[in-house]
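Notes follow the structure.
Worth saying up front: this structure is predicted, and the values here are computed from it rather than measured. Scope of the values below: all heavy atoms of this structure, side chains included, with no hydrogens, waters or symmetry mates.
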Amino acid sequence: TAGANANGDTLSPHGSVANVCQLTPDEIDHIDIKQWYQRRVRGYFQHYYITNNLRMHQWALRVNVPDASVSKTLTVSGESTVSEVTLKLVELLGSLKNWSKYALWCTDKKTWLIAPRATLNTYGLDAGNKVIFTTTSKKLSIQLPDRTQLDLEKADFSNTLFSVVCTICRDLRIRHPEELSLLRCAKEEDLKDARNVTARRTFRVRKANKPKPKKDTGASQNSMNTAGANANGDTLSPHGSVANVCQLTPDEIDHIDIKEGKTMDERAMMNAGWLDSSKSLMEQDVQEGDMLLLRFKYFAFLDLNKQRDDARINALYHQAIRSVLSEDVVPTESECLEFAALQFAVEQAVRNPPKLAPAISPGKDDLDSALADLEVSLGANDPDLEKLNNTVLPNYNRELQANLKFKKPNKIFFFLARPKMHKFTFRDTTMSFYKDSDGSGPPDFVQDLKDCTIVPEVDIRKHKYILHIKPPGAKEYLVLFADKEEFCQWTAACRLASKGKPISDSTYDSEIDIVKTMANMQEHSQTLKLNRNKRAPVTSDEIKTEDFVSARIGRKHRPEQLANLILDAHNMLPRRDHTATELRLNYILKWERLMDFGLSYFIVKFDKSKKEELLGISRTHMSKFDLQPPHELLKTWHWTSLQSWNVNWEIKKLTFNVDGDSHAFECNSSEIKIVHEYIGGYIFLTLRKESDTELDKEMFYKLTGGWQ
């Protein structure tokens with residue numbers, strides 16, 4: 001009972017009101033106290049003793065220590081933390097080494113056990129797993145875009161790849177490391193089976209094939225013990241890591257045997273070698289001593305500044321050269337000669353650097369100096385800084401009108417038909433033509449040039465100015481012009497429209513100058529031939545043409561003729577005292593203007609398609625091409641219209657929504673994670689601002705990491 005006072009009132013144990021039930025003997029017998037007690041005890045044993053017995057069950061964990069050539073057996077349980085296991089192991093090993101840079105690695109699960117408070121049950125470990133105790137810092141060879149081999153002595157194999165790339169770029173003084181990543185070296189066996197769907201999945205890491213060390217003087221040996229060098233040859237010191245930079249000779253570069261894709265299938269297979277930015281090197285089967293390629297993965301470059309980005313511009317310049325020579329981009333012959341002329345000018349500027357004027361006069365103070373640096377910084381992306389004073393505001397009412405000749409694509413004998421004169425108008429990104437010369441009535445043909453392929457054709461001697469326009473998924477048609485001035489204006493407008501920019505854009509005048517420069521190269525060809533006869537003949541030994549132009553251009557001319565054409569194009573360059581960095585920046589800007597610049601290809605299969613197709617991803621859009629040559633453009637989706645995208649990691653299929661339409665595909669040339677990382681990476685790069693001082697790594701991991 002609850003008790004009673006002297007008056008007989010019932011009391012609760014704590015002085016509160018309580019109800020006392022007086023049971024009869026029959027009711028007391030009805031309650032089975034023994035059964036109730038047994039049930040409670042049985043539940044207690046099941047919940048506590050049995051469960052905790054399974055958790056606290058101790059078992060033997062065998063840990064191999066390769067550096068000490070020993071193996072230790074530890075008695076652990078599933079609730080043992082990583083720090084407890086590591087402490088037990090170090091106590092058994094003794095003070096033979098400094099074990100502070102070591103960590104546990106499970107070879108079966110390909111996982112680092114580095115979270116100190118995490119238990120073995122968290123990682124799913126048991127007695128059957130193989131665990132090693134190894135150092136987190138290992139040797140790694142990195143090949144830079146200029147074919148320089150960087151031997152890292154302490155590369156972190158336990159951190160994410162993105163953090164490793166940030167460390168390497170910091171040591172090399174390359175800003176914006178989010179634009180770069182590490183790529184596996186492609187081998188011949190990886191590319192020869194590019195058409196085989198089952199063989200595309202395997203892409204092995206290639207062991208570093210290092211050249212033998214050369215015996216040299218002390219001066220050259222000191223130059224090898226650096227962490228990198230900028231474009232002017234200045235050595236760069238590392239930040240806490242030890243590295244050797246090996247400048248390889250052409251024979252040693254050929255010995256390394258790094259393959260480059262020649263066909264679209266092989267280029268798609270090359271993209272399968274990109275490493276996962278959210279995983280560590282060990283988790284991706286990268287072993288100590290392997291060689292990886294440091295390359296620009298995303299072709300969206302923020303704030304290229306010739307004052308602060310010397311090393312970054314130099315690396316990007318050499319990657320652009322390889323892109324032009326291997327025909328990842330396909331420029332015209334005149335554009336190839338322009339690239340070769342700029343490359344030749346860079347080599348001349350490196351051999352004979354121009355004398356630079358002092359940056360500040362003695363009468364200027366610190367404020368004037370800062371303002372001068374700011375002015376140069378704001379105009380660094382423009383190859384000609386004098387144009388900054390002549391900036392023209394966009395003309396939103398700009399429109400082109402002319403009577404031009406036109407060849408329709410629906411003619412039976414397209415190339416034999418005579419072109420007819422029509423009235424043409426161009427406004428925003430749309431070109432229209434009328435059958436009547438006065439342009440009365442509605443237009444008979446309207447073409448939005450967004451995502452169209454624009455190819456100019458110029459022959460000064462025959463007075464031929466033709467513009468080839470090919471819409472996505474349609475046949476090509478031609479527009480013929482009467483003179484060069486008219487051709488340059490319309491070509492510049494069409495080139496801008498193909499990139500989604502209207503004719504009212506402020507870069508229209510500069511685009512006209514670019515087209516004029518291309519036309520002037522042929523206009524002055526006769527004069528250059530006269531000057532060519534006066535100078536000494538150029539041999540193929542003086543200019544190795546295979547280092548300046550692609551094999552496609554090299555097959556059209558003899559080496560001596562091609563060398564003279566390169567010198568002629570070099571003489572056409574503006575006669576200014578450019579530094580090597582300025583010329584490299586001009587090369588990069590011209591490379592960015594090419595139509596197929598920055599496209600990374602993958603072989604995919606869409607749900608509603610019966611055959612494989614080619615997917616190209618760039619900084620502004622994602623395009624679908626026909627896999628068979630000539631790789632006709634079928635569809636384009638811009639990032640500005642992208643609403644969402646997600647990946648089903650079980651069936652490895654990516655789904656994206658654009659303007660309310662859903663599209664899904666599976667990738668047959670690489671893992672779907674690489675495609676997902678490309679899309680998330682470009683979305684991250686579009687969100688950057690020049691005012692951002694720190695890299696938002698958390699946002700980068702959210703957009704590129706995914707949930708697997």
Side-chain angles (χ1 to χ4, degrees), residues 145-146 179-180 183 186 259-271 274 293 295-301 304 313 315-343 346 383 451-457 468 470 472 491 494-496 498-500 511 514-515 517-518 521 545-556 566 569 583-602 614-627 629-633 636 678 682:
D146 60 352
E179 300 170 356
L180 297 92
L183 177 69
K259 299 298 180 181
E260 293 178 344
K262 297 180 181 179
T263 64
M264 286 296 185
D265 296 339
E266 293 181 353
R267 290 167 189 164
M269 191 62 198
M270 291 284 294
N271 286 324
W274 289 108
L293 310 181
R295 296 292 186 267
F296 283 86
K297 181 178 181 180
Y298 304 103
F299 299 95
F301 317 119
L304 280 175
I313 291 175
L316 189 55
Y317 163 74
H318 284 92
Q319 185 165 339
I321 290 178
R322 299 310 310 170
S323 175
V324 173
L325 297 185
S326 63
E327 292 192 336
D328 287 343
V329 292
V330 187
T332 62
E333 182 174 348
S334 59
E335 290 174 335
C336 286
L337 293 177
E338 288 185 64
F339 283 120
L342 284 172
Q343 184 179 346
V346 170
D451 301 326
C452 290
T453 303
I454 309 298
V455 180
E457 180 183 353
H468 299 255
K470 188 177 185 305
T491 302
C494 293
R495 285 165 64 99
L496 286 178
S498 65
K499 303 174 184 178
E511 194 72 27
I514 295 172
V515 179
T517 302
M518 178 191 66
M521 289 190 64
T545 56
E546 62 272 13
D547 296 336
F548 291 88
V549 296
S550 61
R552 174 176 59 90
I553 303 299
R555 289 190 294 265
K556 294 182 178 180
I566 294 174
L583 291 169
R584 291 188 183 101
L585 185 58
N586 290 348
Y587 192 103
I588 295 170
L589 295 177
K590 188 177 292 295
W591 177 49
E592 287 184 286
R593 296 190 189 105
L594 296 177
M595 292 298 300
D596 48 356
F597 161 77
L599 279 172
S600 302
Y601 297 102
F602 299 91
L614 202 63
L615 183 71
I617 302 178
S618 72
R619 57 182 175 180
T620 58
H621 62 274
M622 180 168 55
S623 301
K624 182 172 65 172
F625 301 87
D626 188 2
L627 185 58
H631 307 293
E632 183 180 354
L633 178 63
T636 299
Y678 257 103
Y682 275 119

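Taking every heavy atom of both residues into account, Pro456 and Ile454 meet most closely at CD-O, 3.9 Å. Between Pro145 and Ala315, the shortest heavy-atom distance links the atoms CB-O, 3.2 Å. The two residues Ala341 and Ile566 come nearest to each other via the heavy atoms CB-O, 4.2 Å. Across all their heavy atoms, Ile313 and Ile588 have their closest contact at O-CD1, 3.6 Å. When all heavy atoms are compared, the tightest approach of Leu599 to Gly616 is CD2-C, 3.9 Å.
Side-chain atoms of Phe339 and Leu594, non-hydrogen and from C-beta on, do get closer than 4.5 Å to each other. Arg619 places a side-chain heavy atom less than 4.5 Å from the side chain of Phe597. In this structure, the side chains of Ile321 and Tyr587 come closer than 4.5 Å at one or more pairs of heavy atoms. Contact annotation: the side chain of Leu325 approaches that of Arg322 to within less than 4.5 Å [non-hydrogen atoms, C-beta and beyond].
Contacts of Phe296 classified as ring-ring contact (aromatic ring centres under 6.0 Å, His included), with partners at least two apart in sequence or in another chain: Phe301. Every residue two or more places apart in sequence or in another chain that forms a salt bridge (charged side-chain N to carboxylate O under 4.0 Å, His left out) with Glu511 is listed here: Arg495. For Glu546, there are no salt bridge (charged side-chain N to carboxylate O under 4.0 Å, His left out) partners at least two apart in sequence or on another chain. Shown here are the side-chain contact (heavy atoms from CB on, under 4.5 Å) partners of Asp547, two or more places apart in sequence or in another chain: Lys544. Remark: His318 engages no residue in a ring-ring contact (aromatic ring centres under 6.0 Å, His included) (not counting sequence neighbours). A search for side chain to side chain donor-acceptor pair (under 3.5 Å) contacts involving Ser498 returns nothing, not counting sequence neighbours. In this structure Glu327 satisfies the side chain to side chain donor-acceptor pair (under 3.5 Å) test together with Ser550, Arg552, sequence neighbours excluded. Under the rule for a side chain to side chain donor-acceptor pair (under 3.5 Å), Glu632 has no partner lying at least two apart in sequence or in another chain. For Asp451, there are no salt bridge (charged side-chain N to carboxylate O under 4.0 Å, His left out) partners two or more places apart in sequence or in a different chain. Under the salt bridge (charged side-chain N to carboxylate O under 4.0 Å, His left out) criterion, Lys499 pairs with no residue, sequence neighbours left out. Scanning for side-chain contact (heavy atoms from CB on, under 4.5 Å) contacts around Ile617 gives Phe602, Leu615, Met622, Trp639, Val675, Tyr678, Ile679, Tyr682, with sequence neighbours left out. In this view, Lys470 satisfies the side chain to side chain donor-acceptor pair (under 3.5 Å) rule with no residue, not counting sequence neighbours.
Rounding to the nearest 0.5 angstrom, the gap separating the OG atom in Ser600 from the CG atom in Asn271 is 5.0 Å. Between Ile514 atom CD1 and Leu589 atom CG the span is 9.0 Å, to the nearest 0.5 Å. If you take CG on Leu293 and CD on Gln319, they are separated by 10.0 Å, rounding to the nearest 0.5 Å. Going from atom CG of Asp596 over to atom NE2 of His631 covers 11.5 Å, rounded to the nearest 0.5 Å. Separation of atoms CD (Glu338) and CG (Asn586) is listed at 11.5 Å; rounding is to 0.5 Å. We find the OH-CG distance between Tyr317 and Leu342 to be 8.0 Å, quoted to the nearest 0.5 Å.
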